[in-house]
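Working notes, structure below.
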Amino acid sequence: MPAHTANLFSIATGSSEPIYRQLVEQVRRLSASGQLRPGDEMPSVREIAQALALNPMTVSKAYSLLEMEGVLARRRGLGMVVAESASTQPADRADLLRPTLERAAVEARQLELDPETVLSLFATILKETK
């Protein structure tokens with residue numbers, strides 16, 4: 001994977017979710033969606049840290065967790081690559097969406113929106129094209 005792929009990642013600095021967890025979730029999603037394929041080379045810790053203005057230890061922590069989960073693998077001379085065993089099953093992809101939907105559900109309840117309104121809005125958003 002070319003170094004410019006560091007721009008696939010985006011960090012929400014105001015989020016309550018730690019930055020390393022944001023990186024982990026984004027790599028999981030990119031892998032599950034096929035945007036990152038087994039064997040793809042990941043940008044180096046230094047490249048991501050520089051591109052996103054992060055502490056390299058934060059990126060290293062995210063990579064280590066992804067390696068322990070089997071999403072990434074360390075290859076001598078290549079750095080980190082997407083693991084051959086990285087799962088892309090549809091059920092796994094749905095599981096990756098769950099935390100985002102849980103946060104949206106909390107916000108909907110805080111705004112006292114009824115489920116029908118929320119589901120209708122979500123259906124509209126899904127149909128929209130960018």
Side-chain angles (χ1 to χ4, degrees):
M1 174 184 294
H4 69 276
T5 308
N7 64 11
L8 280 178
F9 303 110
S10 63
I11 299 302
T13 54
S15 173
S16 61
E17 186 175 28
I19 290 172
Y20 78 93
R21 295 294 310 158
Q22 292 179 47
L23 289 171
V24 167
E25 289 301 318
Q26 289 177 47
V27 171
R28 285 180 186 153
R29 284 187 188 99
L30 291 168
S31 175
S33 69
Q35 292 177 53
L36 290 177
R37 292 190 171 85
D40 281 351
E41 186 176 340
M42 295 297 294
S44 73
V45 167
R46 183 180 55 78
E47 289 168 335
I48 293 177
Q50 286 179 341
L52 300 175
L54 299 175
N55 183 321
M57 292 302 293
T58 300
V59 180
S60 182
K61 183 175 185 175
Y63 272 14
S64 292
L65 285 170
L66 289 160
E67 184 179 18
M68 286 190 305
E69 292 176 7
V71 176
L72 297 181
R74 194 172 306 274
R75 295 275 169 85
R76 190 177 304 209
L78 289 179
M80 296 297 261
V81 296
V82 178
E84 294 299 326
S85 62
S87 178
T88 59
Q89 298 300 317
D92 296 329
R93 285 184 263 164
D95 287 343
L96 291 172
L97 183 59
R98 186 175 182 87
T100 301
L101 293 178
E102 286 173 347
R103 288 190 297 273
V106 167
E107 287 190 39
R109 284 192 288 277
Q110 290 171 344
L111 294 169
E112 299 179 353
L113 295 171
D114 63 277
E116 294 78 23
T117 301
V118 174
L119 292 174
S120 173
L121 176 60
F122 187 58
T124 300
I125 291 168
L126 282 174
K127 292 175 187 172
E128 291 174 354
T129 59
K130 287 193 171 189

Requested in this report: Go through the structure and list residues passing side chain to side chain contact (heavy atoms under 4.5 Å, CB included) with Leu101, not counting sequence neighbours.
Outcome: Leu97, Phe122
Query raised in the report: Heavy atoms, side chains only, cut-off 4.5 Å: are Val27 and Phe9 in contact?
Result: yes
Query - Closest contact, heavy atoms only, Gly70 versus Ala83 - result: O-CB, 3.1 Å
Query - Partners meeting salt bridge (Lys or Arg N to Asp or Glu O under 4.0 Å) with Glu107 (sequence neighbours left out) - result: none
Report summary line: Applying side chain to side chain contact (heavy atoms under 4.5 Å, CB included) to Ala123 and not counting sequence neighbours gives none
Query raised in the report: Measuring from Ser10:OG to Gln26:CD, what's the distance to the nearest 0.5 Å?
Result: 4.5 Å
Query raised in the report: Going through the distances and angles, do Ser33 and Gln35 end up as a side-chain hydrogen bond (donor to acceptor under 3.5 Å, both in side chains)?
Result: CA-CA 6 Å; Ser33 69; Gln35 292 177 53; 3.2 Å; yes
Report task. Would you please name every residue forming a salt bridge (Lys or Arg N to Asp or Glu O under 4.0 Å) with Glu102, sequence neighbours left out? Result -> Arg98
**Report entry** From OG1 (Thr13) to CG (Leu52), nearest 0.5 Å
**Finding:** 11.0 Å
Query - Qualifying residues under salt bridge (Lys or Arg N to Asp or Glu O under 4.0 Å), relative to Arg74, sequence neighbours excluded - result: Glu67
Report task. Find the distance between CD (Glu17) and CG (Leu23) and round it off to the nearest 0.5 Å. Result -> 9.5 Å
Report task. Would you name the heavy atoms of Gln22 and Ser15 that are closest together and state the gap between them? Result -> NE2-CB, 3.7 Å
Query raised in the report: Mind checking what makes side-chain hydrogen bond (donor to acceptor under 3.5 Å, both in side chains) contact with Thr117, not counting sequence neighbours?
Result: Asp114
**Report entry** Arg37 versus Val82, closest heavy-atom pair with distance
**Finding:** O-CB, 3.2 Å
Report task. Please write out which residues are connected to Leu113 in a hydrophobic cluster, directly or through intermediates, given that two of Ile, Leu, Val, Met, Phe, Trp, Tyr count as joined at side-chain heavy-atom separations below 4.5 angstrom. Result -> Leu111, Val118
**Report entry** Val45 reachable from Met68 in the ILVMFWY side-chain graph, under 4.5 Å edges
**Finding:** yes
**Report entry** Interatomic distance, Leu126 atom CG to Glu128 atom CD [nearest 0.5 angstrom]
**Finding:** 9.0 Å
Report task. Write down the atom of Ile48, the atom of Pro43, and the distance for their closest heavy-atom approach. Result -> CG1-CB, 3.8 Å
Query raised in the report: With no hydrogens and no angle check, is any side-chain donor or acceptor of Ser64 less than 3.5 Å from a backbone partner on Ser60?
Result: yes
Report summary line: Sorted by chain and number, sequence neighbours left out, salt bridge (Lys or Arg N to Asp or Glu O under 4.0 Å) with Arg21 holds for Glu25
Requested in this report: Nearest 0.5 Å please: distance from the NZ atom of Lys61 over to the CG atom of Leu54.
Outcome: 13.5 Å
Query - Rounded distance (nearest 0.5 Å) linking atom CG of Leu72 with atom OG of Ser31 - result: 8.0 Å
**Report entry** Min side-chain heavy-atom separation Leu66-Met80 under 4.5 Å
**Finding:** no
